[in-house]
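Here's the structure we're looking at; comments come further down.
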Number of protein chains: 2
Amino acid sequence: MKLTTKGRYAVNAMLDLALHNDKAPINLTDISARQDISLTYLEQLFSKLRKKGLVESIRGPGGGYRLALDADEITIMRVMYAVDEPIDVTRCGGQQNCMGDVRCLTHDLWLGLNRHIAEYLNGISLGEMVRMNNVKQVADRQDAIMLKDVTHMAATPSDATH
Amino acid sequence: MKLTTKGRYAVNAMLDLALHNDKAPINLTDISARQDISLTYLEQLFSKLRKKGLVESIRGPGGGYRLALDADEITIMRVMYAVDEPIDVTRCGGQQNCMGDVRCLTHDLWLGLNRHIAEYLNGISLGEMVRMNNVKQVADRQDAIMLKDVTHMAATPSDATH
DNA sequence: CTCTTTTCAGAGTAATTTAGTCAACTATAT
DNA sequence: ATATAGTTGACTAAATTACTCTGAAAAGAG
Ligand code: FES
Ligand code: FES
């Protein structure tokens, strides 16, 4: 995965799914509202997540998405990898040829950084994050805001959910 | 710093400087030849490196650049930071407001990754790299190519190493 | 059967960022 | 003087990112 906002969005969305992962599938419209990500963008992301086997989809009314694996099995790395190219901070892409035909002075340095980042992102799963207090707090706040939005469906100017 | 080729180039160039850091200053034309980085681009990079106090410049004939600090004092982090913006994989830039006004679910996760990357890049200095065997080998090869280029200034179409 | 809700697929695009060039300048050694 | 080398900042082209738009197809409800 690369370190882009795309990957961050995907992790946010997947964490939202993990937090609301009871029996009924969650539809993207809800995630869109809670995480403030456009629906069409989410569709794009979940298409990839599904193809990588991280979520399963149920179509039609009452449908939505569900985690395809246990939340503890899904590391942040896997999520980011699913939506973005693999991270690789080397310039040569592992080919050891970024200087014409031979490797540059710093090839091994970047390789080490790759490993280091991968280690961190592989060491954290959605399950662990769900159990973290600071995450829980944010999630609760988001749910509360959602409920309020539903009760008085008033005209919030920027909000185009019709 | 960000993780861009700009930063990688800067590290390569600085390492070249560290490897040839004897009495005489090194001029950018040499670094350009050895590291295969355009001279004008190097000028841009070294302008920033100088402003951050990592190198010192000597103008005029026989001039060039020299490390302004001991090679062991210069971490990879400092080099990359000098030419690129500070790394920050959070979306909010530390403002905790990337979702309208409040922080998103994953703020702390990215903060942790920031720390992790910084730790790695701060833990390695140019001095350490100079003493590494694999780096030395590449450096020797680069020096050898340079000498050959100088002796028979011939037009080797693409292949210079056989 | 048909209407609505949902996912699915992929093309298309606007904005931003990156990587790199160019031109004109200043300082210094010989 | 003149050649060498650094200094500066504007400029540009290419690539990437972060999306949106359009139009399906599936499935359940009535
Ligand atoms: S990064 Fe692999 S050869 Fe330079
Ligand atoms: S990354 Fe800081 S609030 Fe989302």
Side-chain angles (χ1 to χ4, degrees), chain A residues 1-13 17 24-33 35-66 68 80 82-89 91 93 98 160-162, chain B residues 1-13 17 24-33 35-66 68 80 83-89 91 93 98:
Chain A
M1 27 109 267
K2 293 187 193 164
L3 296 165
T4 63
T5 70
K6 190 174 185 174
R8 284 191 286 256
Y9 278 154
V11 175
N12 272 20
L17 203 52
I26 310 295
N27 67 52
L28 293 187
T29 310
D30 286 354
I31 299 184
S32 168
Q35 303 306 325
D36 198 24
I37 307 172
S38 94
L39 177 60
T40 48
Y41 200 37
L42 275 179
E43 284 170 355
Q44 199 186 94
L45 298 178
F46 273 79
S47 167
K48 296 192 173 186
L49 292 167
R50 188 176 59 89
K51 280 170 187 157
K52 293 282 180 174
L54 298 185
V55 297
E56 57 190 18
S57 62
I58 297 95
R59 289 179 161 206
Y65 286 92
R66 209 184 267 141
M80 301 190 76
V83 298
D84 258 331
E85 300 310 307
I87 209 176
D88 183 12
V89 302
R91 178 156 180 63
C98 82
T161 43
H162 300 308
Chain B
M1 25 108 268
K2 293 188 194 164
L3 296 165
T4 64
T5 69
K6 190 173 184 175
R8 284 191 286 256
Y9 278 154
V11 174
N12 272 21
L17 202 54
I26 309 295
N27 67 49
L28 294 188
T29 309
D30 287 354
I31 299 184
S32 168
Q35 303 307 324
D36 197 23
I37 307 172
S38 95
L39 178 60
T40 49
Y41 201 36
L42 275 179
E43 285 171 353
Q44 200 187 94
L45 297 178
F46 273 80
S47 166
K48 294 190 174 190
L49 291 167
R50 188 177 60 88
K51 280 171 188 159
K52 293 280 181 176
L54 297 184
V55 297
E56 57 191 19
S57 62
I58 297 94
R59 289 178 160 208
Y65 286 93
R66 207 184 270 143
M80 301 190 75
V83 299
D84 258 333
E85 299 310 307
I87 208 178
D88 184 10
V89 301
R91 177 155 180 65
C98 82

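Just so we're on the same page: letters track the sequence lines, and every chain starts at 1.
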Where the side chain of B:Pro61 is concerned, which of D:dG9, C:dA19, D:dT4 is the nearest nucleotide?
D:dT4
On DNA chain C, nearest-nucleotide positions of A:Gly63 versus A:Arg50: which is more 5'?
A:Gly63
Quickly work out the A:Glu56 CD to C:dC8 C1' distance and round it to whole Å.
16 Å
Can you tell me whether the side chain of B:Arg59 and the base of C:dT26 have a donor-acceptor pair closer than 3.5 Å?
yes
Looking at D:dT8, C:dC8, C:dG20, which one has an atom nearest to any side-chain atom of B:Ser47?
D:dT8
What is the distance from CG of B:Leu3 to P of D:dT16, rounded to the nearest Å?
16 Å
Any base atoms under 4.0 Å from B:Lys48, or only sugar-phosphate, or nothing? Heavy atoms, all strands.
nothing
Considering only C:dT7, D:dG6, D:dC19, which nucleotide approaches the side chain of A:Glu43 most closely?
C:dT7
Counting only side-chain nitrogens and oxygens, does A:Tyr41 get under 4.0 Å of the OP1 or OP2 atom of D:dC21?
no
Would you indicate, yes or no, if C:dT6 has its OP1 or OP2 atom less than 4.0 angstrom from a side-chain nitrogen or oxygen of A:Tyr65?
no
Please state how far atom CG in A:Leu39 lies from atom P in D:dT22, giving the value in whole angstrom units.
15 Å
Measuring to OP1 and OP2 of D:dT17, would you say a side-chain N or O of A:Thr5 lies under 4.0 angstrom away?
no
To the nearest Å, give me how far apart CG (B:Leu45) and P (C:dT18) are.
14 Å
B:Met80 CE to C:dA19 P, in whole Å, measures 10 Å
When you compare the side chain of A:Pro86 with that of A:Asp88, does any pair of heavy atoms fall below 4.5 Å?
no
Whether A:Arg66 contacts C:dT7 is assessed here as follows: a side-chain N or O lying under 4.0 Å from the phosphate OP1 or OP2. Is that the case?
no
Does A:Arg8 reach the main-chain N or O of B:Val89 with its side chain, forming a donor-acceptor pair under 3.5 Å?
yes
To the nearest Å, how far apart are B:Ile37 CD1 and C:dT21 C1'?
15 Å
Classify B:Phe46 by what it touches in the nucleic acid, base, sugar-phosphate, or nothing, heavy-atom distance under 4.0 Å.
nothing
d(B:Leu28 CG, B:Phe46 CZ) to nearest 0.5 Å is 5.5 Å
Please evaluate the base of D:dT8 for a donor-acceptor partner in the side chain of B:Gln44 within a cut-off of under 3.5 Å?
no
So, OP1 or OP2 of D:dT16: does either fall under 4.0 Å of a side-chain N or O from A:Thr4?
no
Looking only at non-hydrogen atoms, find the nearest pair between A:Leu42 and A:Ala13 and report the distance.
CD2-CB, 3.8 Å
Mapping B:Gly64 and A:Lys6 to their closest nucleotides on DNA chain D, which lands nearer the 5' end?
B:Gly64
d(CZ, A:Arg91; C1', D:dA15) in whole Å
12 Å
Quick one: is A:Ser57 getting a side-chain N or O under 4.0 Å of the C:dT6 phosphate, OP1 or OP2?
no
Test side-chain contact (heavy atoms from CB on, under 4.5 Å) applied to A:Arg66 and A:Val55, A:Ile26, A:Ile58, the passing residue
A:Ile58
What nucleic acid atoms does B:Thr29 come within less than 4.0 Å of, heavy atoms only: base, sugar-phosphate, or nothing?
nothing
So, does A:Thr40 get its side chain near the phosphate of D:dC19, meaning an N or O under 4.0 Å from OP1 or OP2?
no
May I have the distance from A:Ile58 (atom CD1) to C:dT4 (atom C1'), rounded to whole angstrom?
18 Å
Student check: side-chain heavy atoms of B:Lys6 and B:Tyr41 closer than 4.5 Å
yes
